[in-house]
Amino acid sequence: AQKVTQAQTEISVVEKEDVTLDCVYETRDTTYYLFWYKQPPSGELVFLIRRNSFDEQNEISGRYSWNFQKSTSSFNFTITASQVVDSAVYFCALSEARLNKFYFGSGTKLNVKP
Amino acid sequence: GAGVSQSPSNKVTEKGKDVELRCDPISGHTALYWYRQSLGQGLEFLIYFQGNSAPDKSGLPSDRFSAERTGGSVSTLTIQRTQQEDSAVYLCASSSQGQGRIFGYTFGSGTRLTVV
């Protein structure tokens with residue numbers, strides 16, 4: 001069964017627009033962790049944020065914000081006032097307490113045009 | 001080292017040849033992971049090392065794939081008799097013991113393998 005679904009394959013916005021990247025996950029564990037990673041054209045995955053299943057408090061970091069809702073099994077990522085440098089592929093990932101591996105979504109490619 | 005280092009960054013090989021991909025994790029990181037990213041796809045788990053042992057090899061797609069880790073540090077992923085469907089970016093990641101699933105991994109830049 002697919003663990004993490006990122007339904008948006010590719011999104012294009014114009015600079016300064018807000019954009020939300022969707023992530024829906026599936027797990028039977030009560031303890032799990034959710035992550036967002038950014039993969040710029042250079043290829044290296046860059047860690048952005050981690051959330052554990054017991055903390056539904058939303059988080060804001062500069063232009064980035066994350067909305068974690070257990071009721072809908074979603075962990076969405078919003079970029080406010082997008083910039084060209086935000087152009088990348090963004091991956092949502094899930095890890096379960098029992099296992100030492102991540103389940104990654106298929107990624108959302110974000111194109112921010114000047 | 002300061003980050004996870006992978007070599008080569010790019011590899012073009014002929015179908016049927018063997019290839020070796022190398023990963024040098026962050027110093028002191030005992031856990032090491034290999035993932036594969038095919039074009040336009042997400043990351044596919046291949047294998048996980050804790051020290052020199054591999055408690056989870058469940059993601060290796062066939063017996064043509066093998067991996068080893070020596071000295072609790074460098075890991076080598078070997079693909080024998082390469083096929084065109086093996087073409088992908090192979091990513092390595094490391095984390096401190098038992099903490100990767102909680103705090104996340106540090107990834108290398110990957111090796112882009114092209115089988116022609």
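- Linking Ile, Leu, Val, Met, Phe, Trp and Tyr residues whenever their side-chain heavy atoms come within less than 4.5 Å places B:Leu77 and B:Phe49 in a single cluster.
- Between the CG atom of A:Leu45 and the CG atom of B:Leu43 there is a distance of 5.5 Å, given to the nearest 0.5 Å.
- Contact annotation for B:Ser38: neither backbone nor side-chain heavy atoms come within less than 4.5 Å of a heavy atom of chain A.
- At a 4.5 Å heavy-atom cutoff, B:Gln6 makes no contact with chain A through either its backbone or its side chain.
- Separation of the B:Phe107 and A:Tyr37 ring centroids falls under the 6.0 Å cut-off.
- In plain terms, the two heavy atoms of B:Ser109 and A:Glu44 that are nearest each other are OG-OE1, 3.0 Å.
- Here the straight-line distance linking atom CD of B:Glu44 with atom CZ of A:Phe104 works out to 12.5 Å at 0.5 Å rounding.
- Contacts between residues 63-72 of chain B and chain A, defined by a heavy-atom separation under 4.5 Å, are made by no residue at all.
- Hydrophobic clustering (ILVMFWY, side-chain heavy atoms < 4.5 Å, transitive): A:Trp66 and A:Val4 are in one cluster.
- By the rule that hydrophobic residues join a cluster once side-chain heavy atoms approach within less than 4.5 Å of another member, A:Val89 and B:Tyr35 end up as members of one cluster.
- Counting non-hydrogen atoms of neighbouring residues, nucleotides and ligands closer than 6.0 angstrom, the CD atom of B:Glu85 exceeds 12 such neighbours.
- In this structure, A:Lys109 places its NZ atom where only 12 or fewer heavy-atom neighbours from other residues, nucleotides or ligands lie under 6.0 Å away.
- Heavy atoms from other residues, nucleotides or ligands lying under 6.0 Å from NZ of A:Lys70 number more than 12.
- Following chains of ILVMFWY side-chain contacts shorter than 4.5 Å, one can reach A:Phe77 starting from A:Tyr32, so the two form part of one hydrophobic cluster.
- Residues B:Tyr105 and A:Phe102 bring their aromatic ring centres within 6.0 Å.
- Hydrophobic clustering, with ILVMFWY side chains joined whenever heavy atoms are under 4.5 angstrom apart, keeps A:Val24 apart from A:Ile11.
- With a 4.5 Å cut-off on non-hydrogen atoms, A:Gln39 touches chain B through its side chain but not through its backbone.
- Enclosure of atom CZ in A:Arg51 by more than 12 non-hydrogen atoms of other residues, nucleotides or ligands within 6.0 angstrom is indicated.
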